[in-house]
Structures are given as structure tokens and as C-alpha cells.
A.B. asks: 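This structure is in C-alpha cells; I'll ask about it shortly.
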Amino acid sequence: MRLRPLARADLPSGSVSLARFLIGTVLVHEDAGIQRIGRIVETEAYPPGDQAAHAYIGKTARNASLFLERGHAYVYLSYGIHWLFNVSGEGAGIGGGALVRALEPLAGLDRATNGPGRLTVAMSIDRRFDGVDLCARGPLWLGSIERPPARIVTSKRIGISKAVDRPWRFAERDNPYVSR
DNA sequence: TGAAAGATTCGCT
DNA sequence: GCGAATCTTTCAG
């Protein structure tokens, strides 16, 4: 497996484009010699102006990471139980991003990764990584591997109550690790 | 200062 | 299929 880090210039600007782009890329967490790698197979976009997005209400202490330049991590606690991992997708000062909903385990993962709350457990991602630059040298970063291009299917987002009809969920077709 | 809702998951019916 | 778990954020009073 040839693995290389993604530079910020590799990432498309705009949360919807980024969410689509992320399908097929990999997330890497290196921690004390342990390497955990998951291939992203399902995402959802939460662009500026989206009523379902955390950034919709403006910048707050919680969602500040969504307002960082594209390629930064936004990690928050959902339902008091689950950490959810997002990648910011706009320019600095603009709030938007992509939620990563499922991974295909490639290395170091021995727990289920089909679901946004479960993949963070498997990858050992929590609040420590909120605001981390995923395009920088660090313990958590985005990469690409050599593999045939992902075949992507689009659908409505899951688990939200506003703007439910937007086709902003992306998943790799027929991948068994996609949630549900 | 209090209360309600939330980008989920798991267990039981 | 439905409700509980669990706690932070946000908004109302």
C-alpha cells in the first residue's frame, strides 16, 4: 500500500465538494507506535447556510473548528456519549464541513467503524483532536492510497431534523462498511 | 439558572 | 421498532 499525506491544495474548497472527495481517502492516527488506518467510505456535507449544520448559528466555542481553513478536524460530543469527527471544508472564517460517518478498516482497527460514533472509538479520536490540522505533520492526518476510483452514490442525510431533503450524503457503492 | 434538544448507539420487545 | 443512556450546548426566563 502506497500511502502519502494529502496537502491542503489537494482538497477541494467547499464542504459538499470536500465530502465527496473524501470518499476513498484514508484517515491515519499514529499514537505511540500504533498506527490506525481507515479508508473513508461514507460522509455527509454541512455547508454554509445549511440549517442542519452546527455552523448555521454562527461561530461559537463548540463549533469554532468549522471556521478554520479547510482540512482541520472538528470533533464534538453527540448525545453526551459519542464523539463525531468532521473535516472543515471552507475558507478561514467561513463555517462548514463534512461529517465522516464510516470507515473501511485497513490497519490497526479492531472495532466496528460503520457509524460516526463508532469509528471515533476505533480510531481513538476524541476532543483532543478538535482543531487539529489534518494536512500538517501530526498524529492525525488525511492521506491517499493507490486504489481504483471509488464509485460514489448520493442520498439524503441521516439523523437530522432540518433540511432533511438535501442530497448531501455520499458513500462508496456496495462497500460493506457503510453504515446501516 | 433551568430546561430542552441533539449530525448516535445499544438493548429489549 | 422504540426508548434509554448521558452530557454539552444553546436559548429562554
Side-chain angles (χ1 to χ4, degrees), chain A residues 11-27 29 36 38-90 93-105 109-132 134 140 142 150 152-172 175-180:
Chain A
L11 307 180
S13 188
S15 299
V16 178
S17 300
L18 179 67
R20 200 172 196 289
F21 171 86
L22 288 176
I23 303 294
T25 65
V26 298
L27 183 63
H29 180 195
R36 299 179 179 85
R39 182 169 170 273
I40 297 175
V41 297
E42 180 182 352
T43 62
E44 284 179 1
Y46 290 87
D50 170 25
Q51 292 188 22
H54 284 183
Y56 183 71
I57 59 175
K59 187 173 176 177
T60 66
R62 175 174 66 162
N63 68 22
S65 298
L66 284 174
F67 290 77
L68 298 172
E69 194 173 9
R70 70 186 190 277
H72 287 76
Y74 167 50
V75 181
Y76 78 97
L77 188 64
S78 175
Y79 291 98
I81 304 173
H82 306 288
W83 295 103
L84 268 55
F85 173 76
N86 303 250
V87 181
S88 66
E90 308 292 332
I94 304 175
L99 168 70
V100 178
R101 291 190 57 91
L103 301 174
E104 173 185 339
L109 301 179
D110 53 2
R111 312 196 55 165
T113 51
N114 58 326
R118 303 164 104 185
L119 72 87
T120 53
V121 174
M123 291 290 290
S124 293
I125 292 173
D126 59 26
R127 165 145 283 171
R128 300 194 310 267
F129 296 98
D130 186 38
V132 164
L134 301 170
L140 188 66
L142 286 169
I152 297 173
V153 291
T154 302
S155 57
K156 294 178 186 178
R157 294 177 292 180
I158 294 173
I160 55 175
S161 59
K162 300 167 193 165
V164 295
D165 289 332
R166 303 294 136 74
W168 287 337
R169 173 171 176 252
F170 303 97
E172 184 173 39
N175 188 295
Y177 294 98
V178 170
S179 69
R180 283 190 155 187

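Below, chain A is the first sequence line, B the second, and so on; all start at residue 1. Bear in mind that the values here come from a model prediction, so they are computed numbers and not experimental data. These numbers come from the heavy atoms of this one structure, side chains and all, not from hydrogens, waters or symmetry mates.
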A.B. asks: Can you work out whether A:I81 or A:R62 has the more 5'-proximal nearest nucleotide on DNA chain C?
C.D. replies: A:I81
A.B. asks: When the nearest nucleotide of DNA chain C is assigned to A:R127 and to A:S78 on a heavy-atom basis, which residue is associated with the more 5' position?
C.D. replies: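 Looking at DNA chain C, the more 5' nearest nucleotide goes with A:S78.
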A.B. asks: Just how far is it from atom CG of A:D110 to atom CZ of A:R36, taken to the nearest 0.5 Å?
C.D. replies: 8.0 Å
A.B. asks: Let me see the working for A:L22 and A:F170 under side-chain contact (heavy atoms from CB on, under 4.5 Å), right down to the final yes or no.
C.D. replies: CA-CA 9 Å; A:L22 288 176; A:F170 303 97; over 6 Å; no
A.B. asks: Are A:S15 and A:E90 close enough that a side-chain donor and a side-chain acceptor fall under 3.5 Å?
C.D. replies: yes
A.B. asks: Do we get A:R157 above A:Y46's six-membered ring, with its NZ or CZ under 6.0 Å from the centre and within 45° of the axis?
C.D. replies: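 Checked: cation-pi criterion met.
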A.B. asks: Measure CG/A:L77 against P/C:dT8 and give the value in whole Å, please.
C.D. replies: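 Taking CG of A:L77 and P of C:dT8, I get 7 Å after rounding.
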A.B. asks: When the P atoms of B:dA5 and C:dG3 are considered, how many whole Å apart are they?
C.D. replies: 15 Å
A.B. asks: Within the 4.0 Å heavy-atom criterion, would you say A:R169 contacts the bases, only the backbone, or no part of the nucleic acid?
C.D. replies: nothing
A.B. asks: If you measure only the distance, is there a donor-acceptor pair under 3.5 Å linking the side chains of A:R70 and A:S88?
C.D. replies: no
A.B. asks: Donor-acceptor check, side chain of A:E172 to backbone of A:I23, threshold 3.5 angstrom: yes or no?
C.D. replies: no
A.B. asks: What parts of residues 15-26 of chain A reach DNA chain C, counting only heavy atoms under 4.0 Å away?
C.D. replies: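 Those residues whose heavy atoms fall under 4.0 Å from DNA chain C, taken from residues 15-26 of chain A, amount to none.
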A.B. asks: Once you apply a heavy-atom cut-off of 4.0 Å, does A:R157 come out as touching a base, just sugar-phosphate, or nothing?
C.D. replies: nothing
A.B. asks: Is it true that A:E42 and A:S179 share a donor-acceptor pair across their side chains at a distance under 3.5 Å?
C.D. replies: yes
A.B. asks: Side chains of A:D130 and A:S65: any donor to acceptor distance under 3.5 Å?
C.D. replies: yes
A.B. asks: What is the first contacted nucleotide of DNA chain B and what is the last, in 5' to 3' order, if contact means an atom lying under 4.0 angstrom from a heavy atom of chain A?
C.D. replies: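 Range of nucleotides within reach of chain A: B:dG6 to B:dC10.
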A.B. asks: Could you go step by step and tell me if A:V121 and A:W83 meet the side-chain contact (heavy atoms from CB on, under 4.5 Å) rule?
C.D. replies: CA-CA 8 Å; A:V121 174; A:W83 295 103; over 6 Å; no
A.B. asks: Grab the CH2-P distance between A:W83 and C:dA5 for me, whole Å please.
C.D. replies: 21 Å
A.B. asks: Base, sugar-phosphate alone, or nothing: which one does A:L99 contact when heavy atoms must sit under 4.0 Å apart?
C.D. replies: base
A.B. asks: Taking only Watson-Crick and G-U wobble pairs with both distances under 3.5 Å, what dot-bracket line describes DNA chain B, where [ ] shows pairs that cross earlier ones and | shows pairs with another strand?
C.D. replies: ||||||.|||||.
A.B. asks: Would you indicate what A:N63 reaches in the nucleic acid, counting non-hydrogen atoms under 4.0 angstrom: base, sugar-phosphate, or nothing?
C.D. replies: nothing
A.B. asks: Distance between the P atoms of B:dG2 and C:dT6, in whole angstroms?
C.D. replies: 22 Å
A.B. asks: For the pair A:N63 (side chain) and A:G58 (backbone), establish whether a donor and an acceptor sit closer than 3.5 Å, ignoring hydrogens and angles.
C.D. replies: yes
A.B. asks: Can you measure from CG (A:D126) to OH (A:Y76) and round to the nearest 0.5 angstrom?
C.D. replies: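 Output value for this atom pair is 15.0 Å.
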